[in-house]
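Following: one structure in structure tokens, then a few remarks.
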Amino acid sequence: MSRFVIADSTNHYDGRDVARRPLGGTETSVIQLAEALARRGHEVVCRTNTPERVLHHGVVWLPLGTPRAGECDVFVAVQHPELLRAAERARRLTLWVMWPPASLRRRHRAVRLWRHRPRPVFVSEFQARGYPRWLPGRRPLAVIPFGLP
């Protein structure tokens with residue numbers, strides 16, 4: 001099976017928070033994806049702004065500031081190209097775009113996209129149509145809608 005590393009800097013959370021408090025759509029989606037991959041037998045590490053190391057439902061949750069991810073098969077950066085620098089030795093890089101892609105046009109983010117050249121994955125056709133053609137990404141763009149729990 002594969003080793004996935006998912007990096008998200010949106011909030012302070014780990015897998016336990018879905019049952020403890022209200023979360024936003026990004027956080028809930030990351031938790032659901034991570035747990036679904038773990039149930040399929042993959043090794044999953046999530047790096048978020050959690051304050052401590054947690055093992056929950058087969059997913060290891062680590063603080064973003066800890067040492068780099070190490071070797072993995074797939075590195076998924078959630079929304080922010082800045083997170084791609086934490087992908088040390090990843091076989092595949094992915095940028096999971098959950099919000100409108102307009103922020104990716106900013107110079108500092110576009111430079112990171114060109115430097116790392118991740119595969120962008122969108123949650124809707126509307127988002128994919130808003131992704132500028134001058135930014136890197138294999139065409140046609142990948143669209144994977146949110147699943148239902």
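These figures come from a predicted structure and were not determined experimentally.
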I'd like to know if R106 pairs up with E82 as an ion pair, taking the criterion as any Lys NZ or Arg NE/NH1/NH2 lying under 4.0 Å from an Asp or Glu carboxylate oxygen. no
Applying side chain to side chain contact (heavy atoms under 4.5 Å, CB included) between L23 and each of V30, N11, I31, report the one that passes. I31
Hey, are the side chains of W96 and S29 touching, using non-hydrogen atoms and a 4.5 Å cut-off? yes
For A38 and G58, which heavy atoms make the closest approach, and how far apart are they? CB-O, 3.8 Å
Point-to-point distance, once rounded to the nearest 0.5 Å, from CG of D17 to NE2 of H56: 9.0 Å
Sequence neighbours left out, cut at 3.5 Å: what donor-acceptor pairs do the side chains of residues 126-135 make with other protein atoms?
| from | atom 1 | to | atom 2 | distance (Å) |
| --- | --- | --- | --- | --- |
| Q127 | OE1 | V123 | N | 2.9 |
| Q127 | OE1 | S124 | N | 3.4 |
| Q127 | NE2 | M98 | O | 3.0 |
| Q127 | NE2 | W99 | O | 2.8 |
| Y131 | OH | P136 | O | 2.5 |

If a pair satisfies ring-ring contact (aromatic ring centres under 6.0 Å, His included) and one of its residues is in residues 23-47, list it, with sequence neighbours excluded. F4-H42
Give the cluster check for L37 versus V18: same hydrophobic cluster or not, with ILVMFWY residues linked at side-chain heavy-atom distances below 4.5 Å. yes
So do the side chains of P81 and L104 get within less than 4.5 Å of each other, counting heavy atoms only? yes
Using a cut-off of 6.0 Å, state whether more than 12 heavy atoms not belonging to R107 lie near its atom CZ. no
In sequence, state the C-alpha distance, the side-chain angles, and the governing distance for R92 and R119, and then conclude on side-chain contact (heavy atoms from CB on, under 4.5 Å). CA-CA 8 Å; R92 293 188 181 141; R119 171 101 192 233; over 6 Å; no
As a quick check of understanding, evaluate side-chain hydrogen bond (donor to acceptor under 3.5 Å, both in side chains) for T26 and Q79, giving each step before the final call. CA-CA 9 Å; T26 300; Q79 192 61 40; over 6 Å; no
Any chance CZ of R138 has more than 12 other-residue heavy atoms, nucleotides or ligands included, within less than 6.0 Å? no
Please examine the side chains of I6 and V78, heavy atoms only from C-beta on, and report whether any two atoms are closer than 4.5 Å. yes
V59 versus A34, closest heavy-atom pair with distance: CG2-O, 3.5 Å
Pairwise side-chain contact, E27 with T10, heavy-atom cut-off 4.5 Å (strictly under): yes
Show the nearest heavy-atom pair for residues P120 and G137, with the distance to one decimal. CD-CA, 3.9 Å
Full working for side-chain contact (heavy atoms from CB on, under 4.5 Å) between R16 and V54: CA-CA 9 Å; R16 302 172 299 178; V54 174; 3.4 Å; yes
Any donor-acceptor N/O pair, E35 side chain to Q32 backbone, under 3.5 Å: no
Between the main-chain N or O of S9 and the side-chain N or O of N49, is there a donor-acceptor pair closer than 3.5 Å? yes
The test is side-chain contact (heavy atoms from CB on, under 4.5 Å); show your working for R109 and S103 and say whether it passes. CA-CA 8 Å; R109 290 194 168 148; S103 68; 3.4 Å; yes
Going by atom types alone, do H80 and R112 pair a side-chain donor with an acceptor below 3.5 Å? no
Got V5 and V76 here, is their nearest side-chain heavy-atom distance under 4.5 Å? no
Is there a path of hydrophobic side-chain contacts, each under 4.5 Å between heavy atoms of I, L, V, M, F, W or Y residues, that connects F146 with V143? no
Tell me, with the steps shown, if Y13 and D8 meet side-chain contact (heavy atoms from CB on, under 4.5 Å). CA-CA 10 Å; Y13 72 98; D8 181 23; 2.6 Å; yes
For T50, is there any backbone N or O sitting under 3.5 Å from a side-chain donor or acceptor partner on H12? no
Sequence neighbours excluded, the answer for salt bridge (charged side-chain N to carboxylate O under 4.0 Å, His left out) partners of E43 is R3
Shortest non-hydrogen separation from P63 to R47 and the atoms involved: O-NH2, 3.8 Å
Give a yes or no on whether L84 and W114 share a hydrophobic cluster (residues Ile, Leu, Val, Met, Phe, Trp, Tyr; joining criterion: side-chain heavy atoms under 4.5 Å apart). no
Would you say the side chain of L95 lies within less than 4.5 Å of the side chain of L113, judging by non-hydrogen atoms? yes
